[in-house]
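The next block holds one structure in the form of C-alpha cells; read it before the comments.
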Amino acid sequence: MGGSGSRLPRDLLGEYQELTFLTKQEILLAHRRFSELLPKEERDRAVTTRIPKSKILMLPELRPFPPYQANPFRHRICRVFSTAEDGEGSLSFEDFLDMLSVFSDSATPEIKSHYAFRIFDFDDDGTLDKKDLEQLVNCLTGEGEESRLSPVEMNQLIQNILEESDIDKDGTINLSEFQHIISRSPDFTSSFKIVL
C-alpha cells in the first residue's frame, strides 16, 4: 500500500520531462529522494508537499560530511529555488526538480550562469556589488580566521574582479557581464552540478 502510494503519476512524469533537462530515470530518482525526506505517512503526497529547508539541507549533496565541506552556497540554493512566499527556503517537489534540472549536465550554459548569478546575488538586487563579491569570496575561501583574506587582500581581489568583469564601469556586475565572464570559463558548466 505505501509503496504504490508514493509513485509519480505517468502524466506528471511526461510533463516534468518536457519542462526540465532531466530524463525519466532522473525524475523518478528525484521523486524517490524527495519522498524519503518526508515522514512515511506523507510520502503519498510528495508532489503536493513542501519540505523545509532544514530537511533539504540533509541531502548528502548539500550537508557537511567530514572531511569534506558542505556546499558553501547551500542556503542560497534553497532560497533561489524556493517558490515559497515566506522566504524560508522550503521546496516543493517542482522546486526540487527545477534545482536538479539547472544543476544537471544537460542544462545549457545560459541557464546555469543565470542561476549561478542569482545564487551569488546575496542581496537579491539584480547586481553583484562589492558586498556580494565579498560574501562570495568568503564562501569560497571559508569563514575561518586562517583562511579569511585580510581587508587589504579582499579589497584588491574585488577591485581585480571588477576591473575584469565590470564592462560598463558602474561598480557592479550585471547578469550579462557575469555571463560574458562565465562564457570564458570552460569548466564552469561541468563543475556547476549536483548529481543524485
Side-chain angles (χ1 to χ4, degrees), residues 2 5-9 12-13 15-16 19-22 26-66 68-104 107 110-144 148 172-175 178 191-196:
S6 61
R7 286 205 167 141
L8 188 61
L12 281 179
L13 180 59
E15 188 176 323
Y16 292 148
L19 296 173
T20 68
F21 295 103
L22 302 173
E26 289 169 327
I27 293 167
L28 291 171
L29 177 58
H31 183 260
R32 192 182 90 225
R33 293 289 300 280
F34 188 84
S35 297
E36 288 170 353
L37 295 173
L38 292 168
K40 284 188 188 331
E41 62 275 4
E42 292 180 31
R43 289 183 182 169
D44 60 337
R45 296 187 313 271
V47 174
T48 60
T49 302
R50 297 193 76 78
I51 295 182
K53 179 173 78 171
S54 60
K55 291 262 192 188
I56 296 293
L57 294 177
M58 295 306 296
L59 288 169
E61 298 79 11
L62 297 176
R63 73 172 181 226
F65 187 80
Y68 307 105
Q69 293 295 319
N71 185 321
F73 303 103
R74 62 194 178 278
H75 294 282
R76 283 294 302 161
I77 290 169
C78 288
R79 171 105 187 219
V80 165
F81 286 96
S82 175
T83 56
E85 293 181 16
D86 62 9
E88 294 297 317
S90 65
L91 297 182
S92 68
F93 179 64
E94 290 183 359
D95 296 340
F96 187 67
L97 278 183
D98 286 343
M99 178 185 75
L100 294 177
S101 180
V102 167
F103 283 102
S104 75
E110 293 77 23
I111 295 286
K112 286 180 176 285
S113 61
H114 172 81
Y115 279 93
F117 181 84
R118 287 189 58 203
I119 291 165
F120 301 157
D121 181 13
F122 291 91
D123 59 9
D124 295 316
D125 69 351
T127 64
L128 303 182
D129 59 18
K130 289 180 180 183
K131 282 189 169 194
D132 291 318
L133 294 173
E134 186 174 333
Q135 280 188 268
L136 173 59
V137 170
N138 284 335
C139 281
L140 294 172
T141 60
E143 295 289 328
R148 184 168 281 223
T172 65
I173 301 169
N174 62 38
L175 177 59
F178 181 79
S191 61
F192 193 75
K193 67 180 179 180
I194 293 176
V195 180
L196 282 180

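Arg79 meets the side-chain contact (heavy atoms from CB on, under 4.5 Å) test with Arg76, Asp124; sequence neighbours excluded. Taking Thr127 as the reference, Asp125 meet the side chain to side chain donor-acceptor pair (under 3.5 Å) condition, with sequence neighbours excluded. Residues that satisfy the salt bridge (Lys or Arg N to Asp or Glu O under 4.0 Å) test with Glu36, not counting sequence neighbours, are Arg32. Considering only residues two or more places apart in sequence or on other chains, Asp95 meets the salt bridge (Lys or Arg N to Asp or Glu O under 4.0 Å) condition with Arg50. Applying the salt bridge (Lys or Arg N to Asp or Glu O under 4.0 Å) test to Lys130 and every residue at least two apart in sequence or in another chain returns nothing. Legend: residues meeting side-chain contact (heavy atoms from CB on, under 4.5 Å) with Lys193, ordered by chain and number and at least two apart, are Asp105, Lys112, Val195.
Across all non-hydrogen atoms, the minimal contact from Ile27 to Phe93 is O-CZ, 4.2 Å. Considering all non-hydrogen atoms of both residues, Ile51 and Lys55 come closest at CG2-CB, 3.3 Å. The two atoms that bring Ser92 and Thr83 nearest to each other are OG-OG1, 4.4 Å, heavy atoms only. Taking each heavy atom of Ser35 and Ala46 in turn, the nearest pair found is OG-CB, 3.3 Å. Considering all non-hydrogen atoms of both residues, Ser90 and Pro52 come closest at CB-CA, 3.9 Å. The two atoms that bring Phe96 and Ala30 nearest to each other are CE2-O, 3.4 Å, heavy atoms only.
With hydrogens and angles disregarded, no donor-acceptor distance shorter than 3.5 Å links the side chain of Asn71 to the backbone of Leu62. Under a 3.5 Å cut-off, the side chain of Ser101 and the backbone N or O of Leu97 do not form any donor-acceptor pair. Within the 3.5 Å criterion, the main-chain N or O of Arg148 finds no donor-acceptor partner in the side chain of Asn138.
Side-chain contact between Phe117 and Leu128 is present, with at least one heavy-atom pair separated by less than 4.5 Å. Taking 4.5 Å as the limit, every side-chain heavy atom of Met99 sits out of range of all side-chain heavy atoms of Tyr115. Within the 4.5 Å cutoff, the side chain of Tyr16 has no heavy atoms near those of the Leu22 side chain. Considering only heavy atoms from C-beta on, Leu37 comes within 4.5 Å of Leu59 through its side chain. Two residues are said to be in side-chain contact when any heavy atoms from C-beta on lie closer than 4.5 Å; Leu133 and Ile173 meet this criterion.
Using a 30° and 60° split on the angle between ring planes, Phe122 and Phe73 fall in the tilted class, from 30° to 60°.
Taking CG from Leu100 and CD1 from Ile194, the interatomic distance works out to 6.5 Å, rounded to the nearest 0.5 Å. Taken from CZ in Arg33 to CG in Leu28, the straight-line distance is 14.0 Å, to the nearest 0.5 Å. With values rounded to the nearest 0.5 angstrom, Lys131 atom NZ is found 8.5 Å from Glu134 atom CD.
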Might you work through the side chain to side chain contact (heavy atoms under 4.5 Å, CB included) test for Phe192 and Val102, ending with a clear yes or no?
CA-CA 9 Å; Phe192 193 75; Val102 167; 4.1 Å; yes

Stepwise side chain to side chain contact (heavy atoms under 4.5 Å, CB included) test for Phe81 and Ile56:
CA-CA 12 Å; Phe81 286 96; Ile56 296 293; over 6 Å; no

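Checked options Met58, Glu88, Arg74, His75; the residue passing with Lys53 is His75 (criterion: side chain to side chain contact (heavy atoms under 4.5 Å, CB included)).
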